[in-house]
Student: 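Here it is, the structure in full.
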Amino acid sequence: LVSRPKGQCSAMKLTADEKGSPLWRKLRKQFEADLEELRISLEADHPIERTAWLRGEIKRIRYVLSLDTSPATTLEADDE
């Protein structure tokens, strides 16, 4: 694992061609659907470990979705 300051992620970003590719559009659509399911699941009562796992998954998906944005991405705590 690469050691980075807390909250800082890789500077990896997609190129304009990659952002417009059919594969990225398909992946984005799936990740957005997964994210919605996780958010809905987070609203239910779960043991603390499950809640932490759900929040981690949400954070991971949000990071992947951020790869097509311009500025460097930071991981922030999910307030949901």
Student: From Arg55 CZ over to Leu38 CG, what is the distance, rounded to the nearest 0.5 angstrom?
Tutor: 12.5 Å

Student: If I take atom CG from residue Leu65 and atom CZ from residue Arg60, how far apart are they, to the nearest 0.5 angstrom?
Tutor: 10.0 Å

Student: Count the heavy atoms of every other residue, nucleotide or ligand shown that sit under 6.0 Å from CD1 of Ile40, and state whether that count exceeds 12.
Tutor: yes

Student: So how far is it from Lys26 NZ to Phe31 CZ, rounded to the nearest 0.5 Å?
Tutor: 13.0 Å

Student: If we check salt bridge (charged side-chain N to carboxylate O under 4.0 Å, His left out) with Asp68, which of these qualifies: Arg28, Lys19, Arg25, Lys13?
Tutor: Arg28

Student: From Ile58 CD1 over to Leu42 CG, what is the distance, rounded to the nearest 0.5 angstrom?
Tutor: 4.5 Å

Student: Does the side chain of Ser41 come within less than 4.5 Å of His46's, by heavy atoms?
Tutor: yes

Student: Nearest 0.5 angstrom please: Thr15 OG1 to Trp24 CH2, how far?
Tutor: 11.5 Å

Student: For residues Leu14 and Leu23: do they belong to one hydrophobic cluster (side chain heavy atoms under 4.5 Å, members Ile, Leu, Val, Met, Phe, Trp, Tyr)?
Tutor: yes

Student: Measure the CD-CD1 distance between Glu32 and Ile61 for me, rounded to the nearest 0.5 Å.
Tutor: 10.5 Å

